[in-house]
Q: 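One structure follows; several queries about it will come next.
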Amino acid sequence: MQKRKRPSIFAERVYDVVRCVPRGRVVSYGGVAALLGQPRAARAVGGALGALDDGVRVPWWRVVNRNGEISHRSRLQRLLLQREDVRFDARGRIDWRRFGWMVS
DNA sequence: AAGGTGACTGGCG
DNA sequence: TCGCCAGCCACCT
């Protein structure tokens with residue numbers, strides 16, 4: 001049996017913010033942290049998304065690092081983003097001015 | 001309860 | 001621009 005641990009309050013708040021990101025747009029870990037009122041908790045945001053178990057519907061792939069790059073480096077994340085028409089430049093980075101949501 | 005870990009960042013060379 | 005490094009934060013031993 002899969003023992004899924006219940007998300008902490010902090011994680012729940014992270015998920016709520018990420019769920020607000022519209023398809024075709026992206027946010028940075030720091031951006032999510034800032035929207036939570038804790039601009040220095042970017043690392044913790046990454047931890048929360050990493051602990052995300054399948055079953056909880058959250059568009060985690062719309063969260064990238066400050067350079068507009070994929071941190072988790074999964075084939076899947078890039079695929080899902082491109083499926084939403086999010087473009088990657090030659091360096092594999094996303095243009096904040098075009099796809100950034102709320103904060104950048 | 002102190003120490004380790006990680007899907008992070010900003011600053012600096 | 002690029003890499004390295006020291007803060008920073010929540011969470012798990």
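All chains are named by letter (A, B, ...) in the order of the sequence lines, taking the proteins before the strands, and each is independently numbered beginning at 1.
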Q: Could you state the atom-to-atom distance from CZ of A/Arg40 to C1' of C/dC9 in whole Å?
A: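 My rounded result for the distance is 11 Å.
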Q: Rounded to the Å, how far apart are A/Glu69 CD and C/dG3 P?
A: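 In whole Å, C/dG3 P lies 9 Å from A/Glu69 CD.
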Q: Could you check whether A/Asp16 pairs with A/Arg19 (Lys NZ or Arg NE/NH1/NH2 to Asp/Glu carboxylate O, under 4.0 Å)?
A: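 Looking at A/Asp16 and A/Arg19, the cut-off is met.
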Q: Starting from A/Val18, can I reach A/Ile9 by hopping between I/L/V/M/F/W/Y residues whose side chains sit under 4.5 Å apart?
A: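 No, it is not one cluster - the side chains of A/Ile9 and A/Val18 are not joined through contacts under 4.5 Å.
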Q: What is the distance, rounded to the nearest whole Å, between atom CD1 of A/Ile94 and atom C1' of B/dA7?
A: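 A/Ile94 atom CD1 is separated from B/dA7 atom C1' by 14 Å.
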Q: Of the nucleotides B/dC8, B/dT9, C/dC2, which one has an atom closest to the side chain of A/Ser28?
A: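 In terms of side-chain proximity for A/Ser28, the closest of B/dC8, B/dT9, C/dC2 is B/dT9.
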Q: A/Leu36 has an atom CG; how far is it from atom P of C/dA10, in whole Å?
A: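 Rounding to the nearest Å, CG of A/Leu36 and P of C/dA10 are 10 Å apart.
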Q: Nearest of B/dA7, B/dG10, C/dC9 to any side-chain atom of A/Ala41?
A: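 Of the candidates, C/dC9 comes closest.
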Q: Tell me the interatomic distance from A/Arg78, atom CZ, to B/dA7, atom C1', rounded to whole angstroms.
A: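 Going from A/Arg78 (CZ) to B/dA7 (C1'), I get 16 Å.
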Q: Can you tell me the base-pairing partner of B/dG4? Count Watson-Crick or G-U wobble geometry only, both distances below 3.5 Å, and say none if there is no partner.
A: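 Base-paired to C/dC11.
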Q: Scan A/Gly30 against the nucleic acid and name what it touches under 4.0 Å (heavy atoms): base, sugar-phosphate only, or nothing.
A: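 Since only primed, P, OP1 and OP2 atoms lie under 4.0 Å of A/Gly30, the category is sugar-phosphate.
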Q: From CG of A/Leu49 over to P of C/dC9, roughly how many Å is that when rounded to an integer?
A: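 Those two atoms, CG and P, are 18 Å apart.
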Q: With a sphere of 6.0 Å drawn around CZ of A/Arg87, does it hold more than 12 non-hydrogen atoms of other residues, nucleotides or ligands?
A: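 No, because the 6.0 Å sphere around CZ of A/Arg87 holds 12 heavy atoms or fewer from other groups.
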Q: Which whole-number value in Å describes the distance from A/Asn65 CG to B/dA7 C1'?
A: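 From A/Asn65 CG to B/dA7 C1': 9 Å.
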Q: Round to a whole Å and report the spacing from CG of A/Asn67 to C1' of B/dA7.
A: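 Whole-Å distance recorded here is 14 Å.
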Q: Taking the side chain of A/Arg43 as its heavy atoms from C-beta onward, which of C/dC9, B/dT9, C/dC2 lies nearest to it?
A: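 Among the listed nucleotides, the one closest to the side chain of A/Arg43 is C/dC9.
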Q: Check every strand shown and say whether A/Arg13 touches a base, only sugar-phosphate, or nothing at a heavy-atom separation below 4.0 Å.
A: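 The residue A/Arg13 makes no contact with any strand.
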Q: For a quick check of understanding: with a heavy-atom distance under 4.0 Å over all strands, which category does A/Phe10 fall into, base, sugar-phosphate or nothing?
A: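 If one applies the 4.0 Å heavy-atom cut-off, A/Phe10 turns out to touch the sugar-phosphate alone, with no base involved.
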Q: Quick one, A/Arg23 with A/Arg62, criterion side-chain contact (heavy atoms from CB on, under 4.5 Å). Give me CA distance, side-chain angles, the key distance, then yes/no.
A: CA-CA 8 Å; A/Arg23 58 169 281 131; A/Arg62 312 218 256 242; 3.1 Å; yes
Q: Measure from the side-chain heavy atoms of A/Arg66 and tell me the nearest of B/dC8, C/dA10, B/dG11.
A: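 That would be B/dG11.
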Q: How would you label the contact of A/Gln38 with the nucleic acid (heavy atoms, under 4.0 Å): base, sugar-phosphate, or nothing?
A: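 The answer is sugar-phosphate, as A/Gln38 gets under 4.0 Å only of primed atoms, P, OP1 or OP2.
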Q: Does any part of the side chain of A/Val64, heavy atoms only, come nearer than 4.5 Å to the side chain of A/Leu81, both counted from C-beta?
A: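 The answer is yes, as the side chains (C-beta and beyond) meet within the 4.5 Å cut-off.
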